[in-house]
Amino acid sequence: ALPTATIAMRIPFLQDYLDAYTARLREARLPGVHVDIAGKTPEGRALYIMRLEDPASAVKTTERTTILITAREHATEHATSWAVLGMLHTLLADTPEAKALRKDTTWLLIPLQDPDGSAKSQFNRMTDQFGLIDDPATPPEVYDYARYITDFIYAGHTIDMAVTLHNIEANEGEHILSPFADQRHLQAVLDANRRIFTVLRQRGFVTGNPDTPWDQGFMTFRLYGWIAMQFGAMDLAFEVNDRYPAARLSLPRLMELGGAMAAPLHAWCLSPEGRHWHRRIQKMLTLKALERELFFLTSERGPALRTPHDVMIRAY
């Protein structure tokens with residue numbers, strides 16, 4: 001009945017599906033599982049963040065590990081949403097392994113970062129907008145996500161690891177590869193890549209070389225990189241490819257790939273390197289919280305009156 005047709009090169013993951021899924025998740029009332037809404041898009045779509053927090057944890061909030069996973073900052077890369085959903089299923093399983101992944105750990109999962117871009121098949125609507133202010137082209141969702149993250153941080157949390165997932169096409173690469181490494185802590189990124197790729201190879205997935213990302217530099221203008229710059233998170237980027245010609249992945253296998261990433265990400269955070277990273281973040285955030293408190297005292301306005309500049313540039 002429509003004047004146009006869409007040819008999907010992979011199984012679409014749409015906002016309607018996510019709306020229905022989150023409704024079922026809320027109805028299930030699983031302990032420690034929350035569906036947060038960071039805001040609404042200009043077209044009225046919810047910005048969902050799945051938050052998993054260990055309700056039995058006796059560990060102080062500041063001591064807990066937090067891992068953030070985001071998909072679809074490039075809104076047309078549907079395979080990444082299915083991978084994040086697979087990770088969520090793995091984390092919610094009633095198994096000793098899943099319980100260990102949830103213990104004293106908070107997971108923030110964003111299955112669809114740009115719902116309006118997805119609806120319009122608009123590849124790059126908000127990807128590089130973090131850190132920009134007073135730009136009429138900046139989608140308002142950028143500020144919504146930034147406010148959510150800053151509120152999470154100043155409630156006493158850390159974000160130890162911020163991971164962004166993308167997807168490539170057919171011959172562009174293996175089931176998973178590293179397209180980019182933050183050169184400020186290159187060796188730490190490569191170490192995390194090795195851990196993840198080793199586990200995935202053991203599960204039968206084909207990986208790229210963990211030691212040779214496509215490029216290096218800084219991605220502070222994207223959500224995961226902005227979090228790394230402002231709050232000290234280890235930032236990781238991955239490309240997934242369910243259409244790798246030598247071994248195409250079914251939808252269950254694509255979701256399994258996402259689920260299989262949870263354990264090595266968690267293991268890195270609990271390793272000596274990860275705990276050292278956590279302590280470094282704690283020191284950074286202690287100072288930042290004091291600076292924030294002084295700023296709002298001297299500016300004679302509280303956090304409720306934050307400007308976009310306060311949120312995006314100062315990360316207050």
Side-chain angles (χ1 to χ4, degrees), residues 13 15 38-43 45-49 67-81 83-84 108-150 152-153 159 161-169 172-173 176-186 189 193 213-241 306-316:
F13 186 105
Q15 182 77 9
K40 292 289 185 75
T41 71
E43 296 182 6
R45 299 179 177 92
L47 302 174
Y48 292 116
I49 301 178
I67 301 171
L68 179 142
I69 314 290
T70 184
R72 307 280 286 283
E73 66 176 15
H74 288 142
T76 57
E77 296 180 346
H78 291 256
T80 61
S81 290
V84 169
L108 300 176
L109 307 181
I110 302 177
L112 179 48
Q113 184 176 317
D114 184 3
D116 281 4
S118 171
K120 300 173 182 176
S121 291
Q122 190 172 344
F123 173 69
N124 212 24
R125 180 173 166 272
M126 73 162 65
T127 310
D128 298 333
Q129 297 293 324
F130 289 84
L132 301 178
I133 60 168
D134 301 327
D135 184 342
T138 299
E141 302 96 305
V142 168
Y143 303 120
D144 290 332
Y145 282 121
R147 279 190 291 266
Y148 177 94
I149 294 298
T150 55
F152 180 81
I153 291 293
I159 295 181
M161 184 173 276
V163 181
T164 180
L165 299 183
H166 297 258
N167 74 236
I168 49 178
E169 303 295 341
E172 291 181 315
I176 187 165
L177 55 84
S178 174
F180 185 83
D182 192 325
Q183 67 184 28
R184 295 171 295 185
H185 36 258
L186 178 61
V189 171
N193 286 351
W214 285 349
D215 203 358
Q216 300 176 27
F218 314 101
M219 282 287 185
T220 55
F221 41 82
R222 296 187 177 182
L223 176 57
Y224 85 110
W226 179 82
I227 293 171
M229 176 182 67
Q230 299 288 5
F231 304 118
M234 160 69 75
D235 47 333
L236 300 174
F238 299 104
E239 298 276 0
V240 301
N241 185 8
R306 288 175 295 182
T307 67
H309 188 278
D310 295 338
V311 176
M312 303 305 305
I313 303 303
R314 294 189 176 94
Y316 290 168

*Hey, does Q15 have a side-chain heavy atom less than 4.5 Å from the side chain of S118?*
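Answer no - side chains too far apart.
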
*Do H166 and P179 come within less than 4.5 Å of each other through their side chains, counting heavy atoms only?*
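No; the side chains remain at least 4.5 Å from each other.
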
In Å, rounded to the nearest 0.5 Å, how long is the span from [atom1] of [X] to [atom2] of [Y]?
{"X": "D114", "Y": "Q122", "atom1": "CG", "atom2": "CD", "result": "7.5 Å"}
{"X": "T70", "Y": "L109", "atom1": "OG1", "atom2": "CG", "result": "9.5 Å"}
{"X": "T127", "Y": "Q113", "atom1": "OG1", "atom2": "CD", "result": "7.5 Å"}

*asked:* Show, in sequence, the C-alpha distance, side-chain angles and deciding distance for L177 and V240, and conclude whether the side-chain contact (heavy atoms from CB on, under 4.5 Å) test is met.
replied: CA-CA 7 Å; L177 55 84; V240 301; over 6 Å; no

*asked:* Can you list everything that forms a salt bridge (Lys or Arg N to Asp or Glu O under 4.0 Å) with K120? Sequence neighbours excluded, please.
replied: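 Checked K120 against salt bridge (Lys or Arg N to Asp or Glu O under 4.0 Å); matches are E43.
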
*For the pair N167 and H74, evaluate side chain to side chain donor-acceptor pair (under 3.5 Å) and give the outcome as yes or no after the intermediate values.*
CA-CA 9 Å; N167 74 236; H74 288 142; over 6 Å; no

*Taking only residues two or more places apart in sequence, or in another chain, which ones meet Y148 in a ring pair (Phe, Tyr, Trp, His ring centres under 6.0 Å)?*
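So Y148 forms no ring pair (Phe, Tyr, Trp, His ring centres under 6.0 Å) with any residue.
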
*Indicate, with yes or no, if the rings of W226 and F231 have centres closer together than 6.0 Å.*
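Under 6.0 Å, so yes.
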
*Any chance you could lay out the side-chain contact (heavy atoms from CB on, under 4.5 Å) test for N241 and E169, step after step, and finish with the verdict?*
CA-CA 6 Å; N241 185 8; E169 303 295 341; 5.9 Å; no

*Do you know which two heavy atoms are closest between M312 and A146, and how far apart they sit?*
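Result for this residue pair: SD-CB, 3.4 Å.
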
*asked:* F218: which residues meet the side-chain contact (heavy atoms from CB on, under 4.5 Å) condition with it, sequence neighbours left out?
replied: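 side-chain contact (heavy atoms from CB on, under 4.5 Å) list for F218, sorted by chain: D182, Q183, R184, T220.
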
